[in-house]
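Note: hydrogens, waters and symmetry copies are ignored here, and every other heavy atom, side chains too, is used. Per chain, numbering begins at 1; letters A, B, ... match sequence-line order.
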Amino acid sequence: MSALYRTHHCGQLRAADAGQVVSLAGWVASRRDHGGVIFIDLRDRAGLTQVVFRPEEAAAVAQQAHALRSEDVISVRGRVAKRLVGTENTRLATGEIELVADALTILNKADTPPFPLDAEAANEDLRLAHRYLDLRRPRMARNLQTRHRVVKTVRDYLDDHGFLEIETPILSKSTPEGARDFLVPSRLQPGSWYALPQAPQQYKQLLMVGGLDKYFQIAKCFRDEDLRADRQPEFTQIDIEASFVERDDILQLVEGMLAAVFKAARGVEVPLPFPRLTYDEAMNRYGSDKPDTRFGLELVDLSDVFALSQFKVFAGALSSGGVVKAINAKGFAGVTTGQIEELTKMAQSYGAKGLAFIKVENGEWKSPIVKFFSAQEKAALTEKLGIAEGDLLLFGADKRETVCEVLGRIRLRVAEILKLVTDPARLDFLWVTDFPLLAFNAEENKWDAVHHPFTRPLAEDVELLKQGELGKVRAAAYDVVLNGFEIGGGSIRIHEPELQAQMFSVLGISAEQQAKQFGHILKAFSFGAPPHGGIALGVDRIVMLICGETSIRDVMAFPKNNRGQDLMSQSPSEVEPKQLRELALQSTVRQAPAAAAAAPPRPAATAAPAAP
RNA sequence: GGAGCCUUAGCUCAAUUGGUUAGAGCGCCGCCCUGUCACGGCGGAGGUUGCGGGUUCGAGCCCCGUAGGCUCCGCCA
């Protein structure tokens, strides 16, 4: 550390340092000017230290300190002193001491910040437009330090387990599967395009063919889809692939890694191994492939209860091959009409026709549908759902997938309303395994890969694949879930060219297309591909959960807003016509005539670019 | 592409049924103040109520349009 500016950080000094002469540098977080004595809270990324200026000890320095304002950058030299008895601040790590200044250098004056840095609330777009100021706030500094700790732990852990960190290209090849690609025009091959990787999927498999055995990468990935609180167009994955491994090797490796990460970054012991659920179990019990198991409220199947019901909605759903399920929201009989309306709307938005309910109040079942139920049905309901006074029962009757999805979403909303997650520190990790290999795409009347086309079917289901029972084939795929967030997913891959070709043909990818889009990987597999598999974990989501944040934007240094814009640098932006010409590109976007007419005249330099 | 909520001072918000000069706290500026840590006291500046149109004697408030922000659906193998 350059002693010119500082000898210590602002979070470092303690009572044991009293008597030392030190220097600190940082930003003025606040000033309390008493006319005589002046206090300054000096802030850097490590914390706050109180600096005191005493006119009787250093008159000129104190005079200088009167001019200090918030966010000025200063360097202060002085003596570390225990605070006067009774003036210690227990809320500050450095609260037992203060720095008695004898020299002050104002390194840079600062304009008044556009939003307060010591308060939590401010418009996010304002924060994003001045992200460099937002990052000075202790919470953001802490989040980025935690992120560093997570990534560092991952690197060390994987290195210890024999993994090599290998970079793969950012300029890569577009593939039709999956998310929309970001495209980069090639100048040297006009009319051709690179794609930014959605994930290093093919490269990491090719590294296995290349005999690298164990690979990982802290990989930037790009997907040109709409944004969410937990989705950005560019994000970071811990990408892992290993050869000669089975599913449980990967699961164990990842469990150990996550335990190490949570130990290092949050100081908690994560119990191992993680519980496992099959996909079918997760859907049937929680209505989600990423169940939040911090609370119960499980889906209960009532199909056998209502098989012969007089209630046509239930009987109809069952006779057409559907199911009837319900959740019992204990103690929610006091639900308001508005809340029922909200839940009903929600159910409809996920494809349900409605949301039947029963309120159990004063020993009575209050519901528009209960009059259709027989005594037997009521008795069976009571038993299966454990019905008691004060309960609210919510029903779904439809196709199995619809009912699970709808009740799964309702379950989460009800848990939120009833505040069923009582321990904010609770961490429920689990694996979801045995995902379906394929899903029917009704829109395009074809089968799609649920994970990706290189995912291996379970050995015992390969026969089903050959017989064309495509909906029943399970994949050697797995997701790791934490508190209802999917934080990672992977699979054991197909390493045999014949099986891969069969998979492609099931997906309706012709031999010609296979050669064009996947020729390189099929060829690679023909030269001796080892059995291999891997996983990718979302760094942003993991750090978000460790930090207790609700948006991944709060754990990224420079995130983009809802519309994919960087409000600070104003990207994306227009480029010079010359740049487009070099790339052999022409925009089809026309400027609206009205807007063009209203726009101020452009400087000549940009209005009339030099002729080529 | 769709839905919901939001937009008033630099920030966070208020403003009765549509009614006089749009207020408060914080911040900012000035003066005072020698143990504060949300320091305190006194004074001051700061507003095209996102923008455009309409209804009305009168609009921050009602109506229409539009822009922007966030959340969600679709989308995200």
| message | Base of B:G40, side chain of A:Arg31 - is there a donor-acceptor contact under 3.5 Å? | response | no
| message | So for A:Glu225 and B:G74, does any side-chain atom that can act as donor or acceptor lie under 3.5 Å from a complementary atom in the base? | response | no
| query | Taking atom types as they are modelled, is there a donor-acceptor pair under 3.5 Å from the base of B:C33 to the side chain of A:Arg32? | reply | no
| What does A:Arg413 touch in the nucleic acid at a heavy-atom separation under 4.0 angstrom: a base, only the sugar-phosphate, or nothing? | nothing
| field | Carboxylate-amine/guanidinium proximity below 4.0 Å for A:Lys82 and A:Glu88 | value | no
| request: Look through every strand shown and name the nucleotide pairing with B:G60 as Watson-Crick or G-U wobble, where both distances are under 3.5 Å. | output: none
| Does A:Arg409 put a side-chain nitrogen or oxygen below 4.0 Å from OP1 or OP2 of B:C73? | yes
| task | Taking atom C1' in both B:U8 and B:G46, compute the distance separating them and give it to the nearest angstrom. | result | 14 Å
| message | If the cut-off is 4.0 Å, is A:Arg69 near the phosphate of B:C29, judged by side-chain N/O to OP1 or OP2? | response | yes
| request: To the nearest Å, give me how far apart CG (A:Asp125) and P (B:C11) are. | output: 10 Å
| request: Check every strand shown and say whether A:Leu126 touches a base, only sugar-phosphate, or nothing at a heavy-atom separation below 4.0 Å. | output: sugar-phosphate
| query | Is it true that A:Lys290 and A:Asp479 have a side-chain N and a carboxylate O under 4.0 angstrom from each other? | reply | no
| query | What does B:G10 pair with, Watson-Crick or G-U, if both distances are under 3.5 Å? | reply | B:C26
| query | Between the base of B:C75 and the side chain of A:Arg231, is there a donor-acceptor distance below 3.5 Å? | reply | yes
| message | Check this for me: does the side-chain of A:Asn89 come within 3.5 Å of the base of B:C37 through a donor and an acceptor? | response | yes
| What is the distance from atom CD of A:Glu71 to atom NZ of A:Lys109, rounded to the nearest 0.5 Å? | 11.5 Å
| said: I'd like to know whether CD of A:Glu56 has more than 12 heavy-atom contacts from other residues, nucleotides or ligands below 6.0 angstrom. | reply: yes
| request: Verify the distance criterion only: is there a donor paired with an acceptor across the side chains of A:Gln500 and A:Glu496 at less than 3.5 Å? | output: no
| said: With the criterion set at under 5.5 Å between ring centres and under 30 degrees between planes, would B:U36 be stacked on A:Phe39? | reply: yes
| message | Once you apply a heavy-atom cut-off of 4.0 Å, does A:Gln50 come out as touching a base, just sugar-phosphate, or nothing? | response | base
| query | Can you find a side chain N or O atom of A:Arg563 that sits less than 4.0 Å from OP1 or OP2 on B:G68? | reply | yes
